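All remarks here apply to the structure that follows.
Keep in mind it's a predicted model, so treat the numbers as computed, not measured. For the numbers below, each heavy atom of this structure counts, side chains included, while hydrogens, waters and symmetry mates do not.
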Amino acid sequence: MNKFSGKGVYGAIAIGKISVFKRQEVSVHKTHVTDVEHEKNRVNSAKELARNQLQEIYNKAKKEVGETNAQIFEIHMMMIDDDDYNESIISIIETQLVNAEYAVAKTSEIFVQKFSSMEDSYMQARAADIKDISNRIIQNLDTSNARSSENDEKVIICADDMAPSETVLLDKEKVLAFVTAGGSINSHTAILARNMNIPAIIGVGADFLSVIKDGDSAIVDGYTGDFIISPDEKTESDYLEKQSYDRSRKELLHTLKGKDNVTIDGKKINVFANIGSTDDIGPVLANDAGGIGLFRSEFIYLESNDYPTEDEQFTAYKKALVSMAGKKVIIRTLDIGADKKAKYFDLPHEENPALGFRAIRICLSRPEIFKTQLRALLRASAYGNLGIMFPMITSVSELERVLVICDAVKAELKEKGIKYNENTELGIMIETPAAAVISDKLAPLVDFFSVGTNDLTQYTLACDRQNPSVEQYCDNHHEAILRLIETSSQNAHANGAWIGICGELAADTTLTERFLRMGIDELSVSPSYILKIREKVRSIDLSK
């Protein structure tokens with residue numbers, strides 16, 4: 001029996017046989033060519049096939065994990081058409097008179113090195129994406145490649161690492177779990193695994209690959225991150241019991257549908273859901289969420305090749321409000337920049353974009369873009385229970401400028417006789433220490449706060465949340481973070497505002513009781529966590 005440990009990505013137990021993931025390898029040789037146009041045409045055909053493949057993967061991912069998590073494959077499609085990338089391939093073919101495979105491989109090498117050397121962790125992550133799309137194009141150039149037949153038995157997939165596209169293409173009906181040597185807890189692959197409900201462990205280390213083979217029995221504990229190879233009889237028996245309990249518990253959660261989110265001593269709390277688009281509303285309703293606590297409107301921009309029009313945005317916002325049938329829908333205004341970039345915004349390169357030109361700063365510097373979104377939001381407010389939330393507020397003067405623009409848009413709509421809900425709630429994200437510290441000054445100006453714990457954590461602890469090198473220092477339970485949340489809660493209530501949490505910590509059941517004792521009024525989580533939070537809330541007695 002061998003035991004390895006990594007980081008559990010999705011909490012569940014899997015017991016079964018190992019299948020070592022055999023990536024389709026394509027060896028690239030440099031050969032001299034005389035027909036340059038033929039090689040260029042081969043590249044174009046391979047790229048077109050890659051686009052079609054990625055579209056299929058995107059459609060599959062959208063259905064299984066929601067539009068927000070499928071965005072990475074749209075980014076891959078855009079990267080295939082990147083001018084610099086394609087100019088490099090063509091230039092190498094033309095100047096060196098070499099085959100298409102070599103030109104793509106060489107370009108991949110250049111761009112991977114370029115992105116890997118950047119300080120920005122978001123740009124560093126693009127190196128893996130470049131490698132993924134380049135390998136796909138090279139595979140498509142080799143028409144002799146044949147896919148191996150699939151095994152019908154459900155297995156535990158073991159690999160050095162897995163690209164997002166490889167993860168999505170896994171047949172969930174034939175995969176018990178997957179285990180990888182490398183990977184980060186915040187990688188696209190880890191996020192996809194969580195949303196596909198596949199038990200997974202990442203970061204086990206390369207050593208485990210040398211001691212496994214196809215057909216070995218194994219156990220994956222997605223809760224603890226333990227990976228046990230060739231378990232003895234007692235260990236397997238213990239885990240079968242643990243697996244049975246785990247399944248029973250998840251079935252029990254479904255009996256909580258329709259129940260109130262109320263503590264034993266009678267305190268009620270709203271449990272809402274976070275979404276990235278209207279396509280995610282199905283899981284929200286299926287998991288019995290009380291509303292939507294965070295609609296990330298930036299994905300409407302990221303999906304588009306140009307600034308989305310007022311009517312395009314209005315249609316999306318109206319659909320969300322109508323679909324939720326009177327339940328609260330809080331839509332966050334454009335939060336672009338940092339790790340979320342749209343080429344047409346033409347944002348400047350920044351050494352530290354997380355601390356740079358993003359979110360409300362962009363909106364205030366480009367008021368026409370901001371006004372377009374506000375008009376769409378306010379028009380949609382006539383069709384449901386809307387709350388509008390502004391991200392990355394750090395000062396009173398900043399918020400006052402936002403409210404002046406809101407008032408101007410309302411006056412414009414009123415003058416034109418366009419209906420909107422004058423009682424639409426306005427709120428801000430508490431995601432910087434600055435906002436938390438001056439929350440007593442901000443609260444009188446708004447109806448609600450929503451704490452974005454992901455950014456609040458990285459700004460408070462000076463830890464880039466996308467950088468695996470500092471993951472060990474990123475303590476989500478750090479007392480400084482919890483005190484900032486509590487301060488914000490006290491100041492919200494003292495000024496007649498309510499407060500919620502929409503970051504990752506909202507789903508941390510080890511903190512639920514503390515949040516309730518702080519006076520938090522709402523927790524907004526991924527749809528799959530709704531019933532877990534409800535169960536936890538109903539087990540708490542605040543009178544003790």
Hey, is [X] close enough to [Y] for a salt bridge, meaning N to O under 4.0 Å?
| X | Y | result |
| --- | --- | --- |
| Lys242 | Asp221 | yes |
| Lys536 | Glu513 | no |
| Arg534 | Asp288 | yes |
| Glu310 | Arg379 | yes |
| Glu422 | Lys410 | no |
| Asp335 | Arg358 | yes |

Other residues, nucleotides, ligands: >12 heavy atoms within 6.0 Å of [X] [atom1]:
| X | atom1 | result |
| --- | --- | --- |
| Lys257 | NZ | yes |
| Tyr223 | OH | yes |
| Arg361 | CZ | yes |
| Lys268 | NZ | no |
| Glu504 | CD | no |
| Arg483 | CZ | no |

If only atom types and distance count, is the side chain of [X] paired as donor or acceptor with the main-chain N or O of [Y] below 3.5 Å?
| X | Y | value |
| --- | --- | --- |
| Asp260 | Val262 | no |
| Ser526 | Ser528 | no |
| Asn495 | Ala497 | no |
| Glu431 | Pro391 | no |
| Ser524 | Ala273 | yes |
| Ser304 | Tyr301 | no |
| Ser323 | Lys319 | yes |
| Ser488 | Leu484 | yes |
| Glu241 | Asp238 | no |

May I have the step-by-step check of side chain to side chain donor-acceptor pair (under 3.5 Å) for Glu535 and Ser539, ending in yes or no?
CA-CA 6 Å; Glu535 179 190 46; Ser539 72; over 6 Å; no
CG of Leu516 to CE of Met518: how many Å apart, nearest 0.5 Å?
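One gets 10.0 Å once the value is rounded to the nearest 0.5 Å.
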Is the ring centre of Phe345 less than 6.0 Å from the ring centre of Tyr307?
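Yes.
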Side-chain heavy atoms of Cys474 within contact of Thr457, under 4.5 Å
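SC-SC contact between Cys474 and Thr457 confirmed.
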